[in-house]
Amino acid sequence: MIALQDEKHFLEKVTHEIRVEPKDWMPDQYRKTLIRQISQHAHSEIVGMLPEGNWITRAPSLKRKAILIAKVQDEAGHGLYLYSAAETLGISRAEMIDQLHSGRAKYSSIFNYPTISWADIGAIGWLVDGAAIMNQVPLCRCSYGPYSRAMVRICKEESFHQRQGFDILLKLSQGSKAQKNMVQDSINRWWWPSIMMFGPADESSPHSRQSMEWKIKRFSNDELRQRFVDMCAQQVKVLGLELPDEKLKWNEKRQQYDFGEIDWKEFRNVVNGNGPCNKERLATRIKAHEDGAWVREAAAAHAEKRRAKSARAA
Amino acid sequence: MNKDWPLWEVFIRSKNGLDHKHAGSLHATDARMAIENARDVYTRRMEGVSIWVVESKYIHASNPEDSDSLYDPANDKAYRHPTFYDLPEEVKNM
């Protein structure tokens, strides 16, 4: 009986746009869904540093290097905001990191593609961060308070990421023939994986309906994907280039762009661990964590020493 | 599995004259490291001029289940608000 009342009270709150806070009663499945989603989101920020970190030493100018470092630093911060939000639901940081390293937790598949040219750093900013923003803006109104607050902070910082990416591509597209080709090649490789970032089509997205009911999600995968396509189809014209989709065409009746079929086989393949860089990314992450073990131990020992010293002085 | 460092809550004063406001949390070995990390994580874009950190375990919070007894009694005390009192038009500046 009490459980029923709790559930009713919870749903009322969600319906009336009152945020759910960590100590409030919530259904187990709501908690589980959020832990899964927020931790995956956090892991994506952390793994997302790898394809870009790869280019910090090779950025073409000091300015670009400083910008890229700032962006990668932001992503570390975003990972931290999100891990903290997930921790309010009762999972520990160590447990989440363990889930990532053991392969039990997923991260965004987009980071399993390689960054082989400087233009890829531009394409990541424009397309990958662009798609992420499209997904994240509605999450600022997510029913779970700590997640929505983390997303507000993240979205504020993220828009510079997208703009700096477009800026890289714009400068290159105004350069030599070779530079322009480099941008087109990069867009060709990143376009389809980017629109896959919105997840499976609505009819095959099993968790979507419940998440919408709980106001964790506000718009369906296909709705957000369509908005993103419409936006990019316009923006690519500024670069004087094309999106790699022969079926991309303005539909006067729908007032939206029609676009081609997504290769869901590739999507599932990469999600299941067989993308070009899955193994490399995870191995790099685990190595970074293990190589950092002595730093964590030293910091703990140092703090202990300082505590002992101030205790003696007191 | 690794053991986590203690969790700290971070409060930031965005500019002098304003209250410190909860910004988020982070793990650190001690207060000094918590402040250094908070600086890196929460004030990269001039969001603050002062940082407080407190270990999360020292924060005591009210229980949402007590909301009724804690906050409802305020509802029937409308006389605590200035709009409760009807004064004649002639009374100025009050």
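Chain A is the first sequence line, chain B the second, and so forth, proteins listed ahead of strands; every chain is numbered from 1. Since we're looking at a predicted model, the values are computed, not measured.
- By the 6.0 Å contact criterion, NZ on B:K21 is open, its count of non-hydrogen atoms from other residues, nucleotides or ligands being 12 or less.
- Counting heavy-atom neighbours within 6.0 Å of B:K77 NZ, excluding the residue itself, gives a total above 12.
- Without hydrogens or angle criteria, A:Y81 side chain to B:Y42 main chain gives no donor-acceptor distance under 3.5 Å.
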Inset, instruction - Evaluate the side chain to side chain contact (heavy atoms under 4.5 Å, CB included) criterion for residues B:R32 and A:R306: first the C-alpha distance (whole Å), next the side-chain angles of each, then the deciding distance (0.1 Å), finally the verdict. - result: CA-CA 10 Å; B:R32 191 155 116 188; A:R306 242 178 357 212; 2.7 Å; yes

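- Between chain B and the options A:H101, A:E157, A:H302, A:K156, heavy-atom pairs under 4.5 Å are most frequent for A:E157.
- Checked against side chain to side chain donor-acceptor pair (under 3.5 Å), A:R153 has no partners two or more places apart in sequence or in another chain.
- Put simply, CD on A:E87 and CG on B:L26 are 10.0 Å apart, with the number rounded to the nearest 0.5 Å.
- Of all non-hydrogen atoms in B:D30 and A:A303, the two that sit nearest each other are OD2-CB, 3.6 Å.
- Judged as a ring pair (Phe, Tyr, Trp, His ring centres under 6.0 Å), and not counting sequence neighbours, the contacts of A:Y83 are A:H43.
- Atom NE2 of A:H9 has 12 or fewer neighbouring heavy atoms from other residues, nucleotides or ligands inside a 6.0 Å radius.
- Residue A:R307 holds its CZ atom at 7.0 Å from OG1 of B:T29, rounded to the nearest 0.5 Å.
- Within a 6.0 Å sphere centred on CG of B:D19, other residues, nucleotides and ligands contribute 12 heavy atoms or fewer.
- In terms of heavy-atom proximity, B:M33 sits nearest to A:A299 at CE-CB, 3.7 Å.
- Contact record, A:L80 with B:S25: CD2-O, 3.7 Å, taken as the closest heavy-atom pair.
- Residues A:S92 and B:D4 come closest through the heavy atom pair CB-OD2, 3.6 Å.
- Within residues 44-61 of chain B, the residues having any heavy atom under 4.5 Å from a heavy atom of chain A are, by residue number, B:R44, B:R45, B:E47, B:A61.
- Neither the backbone nor the side chain of B:A31 comes within contact range of chain A; no heavy atom of the residue lies under 4.5 Å from a heavy atom of that chain.
- When the side-chain contact (heavy atoms from CB on, under 4.5 Å) test is applied to A:P22, the partners found at least two apart in sequence or on another chain are A:T88, A:Y144, A:P146.
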Inset, instruction - Take B:H22 and A:R149 through the side chain to side chain contact (heavy atoms under 4.5 Å, CB included) test and state the conclusion after the steps. - result: CA-CA 11 Å; B:H22 186 240; A:R149 290 192 285 275; 5.7 Å; no

